[in-house]
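Step one of this worksheet: look at the structure below.
Throughout, protein chains are lettered first and strands after them, A, B, ... in sequence-line order, and every chain is numbered starting at 1.
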There are 2 protein chains.
Amino acid sequence: MLGLSKKSDYALLALSYLATNGESRTVRTREIAERFAIPAELLAKVMQRLAKMGWLASSPGPSGGYTLAVSDTSITVGDVVRAVDGGSALTQCMHSPEGSDCEQWANCTIRGPLGFVNERVQDVLNHIPIRDIRERATPASAESELVSIVVPDHSAPAAVRAGASRSHNEGDTP
Amino acid sequence: MLGLSKKSDYALLALSYLATNGESRTVRTREIAERFAIPAELLAKVMQRLAKMGWLASSPGPSGGYTLAVSDTSITVGDVVRAVDGGSALTQCMHSPEGSDCEQWANCTIRGPLGFVNERVQDVLNHIPIRDIRERATPASAESELVSIVVPDHSAPAAVRAGASRSHNEGDTP
DNA sequence: CTAATGCCGACCAATGAGGTCGGAGACCTG
DNA sequence: CAGGTCTCCGACCTCATTGGTCGGCATTAG
């Protein structure tokens with residue numbers, strides 16, 4: 001289907017919400033859930049994983065909640081999707097180093113041609129920091145702000161960005 | 001999960017195979033299936049849809065098979081995914097004009113911020129023609145191969161070699 | 001005619017996504 | 001100090017979508 005999963009959606013939503021409305025206060029999961037009308041329990045699970053990643057600081061008890069623990073420019077939607085959805089490679093066997101779990105590595109003719117497509121998509125996702133995902137009423141035509149990526153216009157499919165800069169910033173909390 | 005479905009994979013594989021090895025001969029489904037070690041029946045189903053899209057010409061009977069009916073630069077992986085996978089919008093309610101079928105339109109906060117991410121991904125996919133998906137033996141660092149597309153017979157200076165100059169001029173195949 | 005191919009529909013199975021439940025620790029109140 | 005309540009936490013469950021299969025029919029070359 002080629003789409004972000006609900007979990008990724010919620011994670012992105014929550015992170016951007018924290019980046020915007022959670023300046024220096026703890027935000028409860030339920031607040032976010034009600035704000036976006038999404039199931040609170042599922043969001044809770046997502047929040048846990050984000051906290052485990054070191055991106056959120058959690059504090060239990062009443063008046064507890066979550067706080068953004070990192071800069072909103074230091075993590076990208078690629079990071080989030082990868083963390084929440086568990087590996088966002090197009091074909092699963094893409095991330096393993098030598099095909100350790102995929103013994104079809106030799107026969108896997110798919111790896112080559114489709115890996116190229118994968119890299120393009122990953123590239124885009126790795127270049128959108130969560131800061132760029134702000135709540136916006138206007139759905140389209142907001143191109144002006146967030147041109148951090150280099151996608152050309154609609155009819156000239158030239159060189160999307162030759163470098164394929166795989167910037168896996170796998171490091172965690174700064 | 002953010003990945004192409006198997007069907008899309010197979011479609012892309014088959015199309016690129018036809019673009020490369022099917023110059024002016026009919027290629028049987030089984031040939032492609034065996035080449036890539038994928039289930040023939042499923043590939044057959046995919047091929048039928050591609051044919052119905054007008055991208056493949058089919059001929060039944062012995063010595064029958066498929067032929068690429070369009071230029072390999074005229075369809076993109078976005079087109080293919082959209083056709084085979086059936087609508088590749090992140091959230092389904094994205095394409096409807098005013099949320100006619102999705103009555104959550106008001107609450108749908110996903111539409112705004114996440115639609116932006118969607119558009120970026122779509123953009124990338126819409127800018128990769130199937131010509132760019134060639135079979136490559138070397139998994140990484142095969143950038144140099146990609147350029148082999150339009151290399152003019154003038155002995156190009158060595159400066160041309162690397163990177164990014166993926167030009168899609170080229171008109172149409174008769 | 002026969003065989004090989006595409007064509008079409010229905011059918012089955014399993015993976016994984018989406019959603020839910022009961023617990024453990026920490027703040028607040030009396 | 002003790003109980004209650006609110007929060008996070010982790011395991012569990014269900015079910016829809018996807019991947020895959022099967023059988024039968026139409027068509028055409030030899």
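Between the P atom of C/dC7 and the CG atom of B/Leu43 lies a distance of 12 Å, rounded to the nearest Å. Between B/Leu56 atom CG and C/dC7 atom C1' the separation is 14 Å, expressed in whole Å. As a whole-Å value, the separation of A/Phe36 CZ from C/dG18 C1' is 19 Å. Distance, B/Leu18 CG to C/dG6 P: 11 Å, rounded to whole Å.
Residues A/Ser63 and B/Met47 both approach DNA chain C. Their nearest nucleotides, taken by heavy-atom distance, put B/Met47 toward the 5′ side. Mapping A/Ser59 and A/Lys45 onto DNA chain D by nearest heavy atom places A/Ser59 closer to the 5' end of the strand.
Taking every side-chain heavy atom of A/Ala51 into account, D/dC9 is the closest of C/dA26, D/dA29, D/dC9. The listed nucleotides are D/dC6, C/dC8, D/dC9; the one nearest the side chain of B/Gln48 is C/dC8. Residue B/Lys6 places its side chain closer to D/dG20 than to any other of C/dG18, C/dC27, D/dG20. The side chain of B/Lys7 lies closest to D/dG19 when the candidates are D/dG19, C/dA26, D/dT21. Side-chain proximity of B/Glu41 to C/dA26, C/dA4, D/dC22: nearest is D/dC22. Ranking D/dT21, C/dG19, D/dT28 by closeness to the A/Leu42 side chain, first place goes to C/dG19. Which of D/dA11, C/dA3, D/dC8 sits closest to the side chain of A/Ser58 comes down to D/dC8. Closest to the side chain of A/Ser5, out of C/dA17, D/dC9, C/dA3, is C/dA17. Candidate nucleotides C/dG19, D/dC6, D/dC8 were compared by shortest atom distance to the side chain of A/Tyr66, and D/dC8 ranks first. When distances run from any side-chain atom of A/Arg30 to the nucleotides D/dT7, D/dC12, C/dC28, the shortest one goes to D/dT7.
Considering only side-chain N and O atoms, A/Lys52 lies nowhere under 4.0 angstrom from the phosphate OP1 or OP2 of D/dC9. Put simply, B/Thr29 has a side-chain N or O that comes within less than 4.0 Å of OP1 or OP2 on C/dG6. The side chain of A/Tyr10 places an N or O atom within less than 4.0 Å of a non-bridging phosphate oxygen (OP1 or OP2) of C/dG19.
What you find for A/Val27 and A/Tyr17 is that their closest heavy atoms are CG1-CE2, 3.9 Å.
Counting non-hydrogen atoms under 4.0 angstrom, A/Arg28 reaches the backbone sugars and phosphates but no base.
Side-chain atoms of B/Asp79 come within 3.5 Å of backbone N or O of B/Thr76 as a donor-acceptor pair. Side-chain atoms of A/Arg49 come within 3.5 Å of backbone N or O of A/Val84 as a donor-acceptor pair.
From A/Leu15, atom CG reaches atom CD1 of A/Ile32 across 8.5 Å, with rounding to the nearest 0.5 Å.
For A/Lys6 and A/Asp9, the salt-bridge test fails: no basic side-chain N is under 4.0 Å from an acidic carboxylate O.
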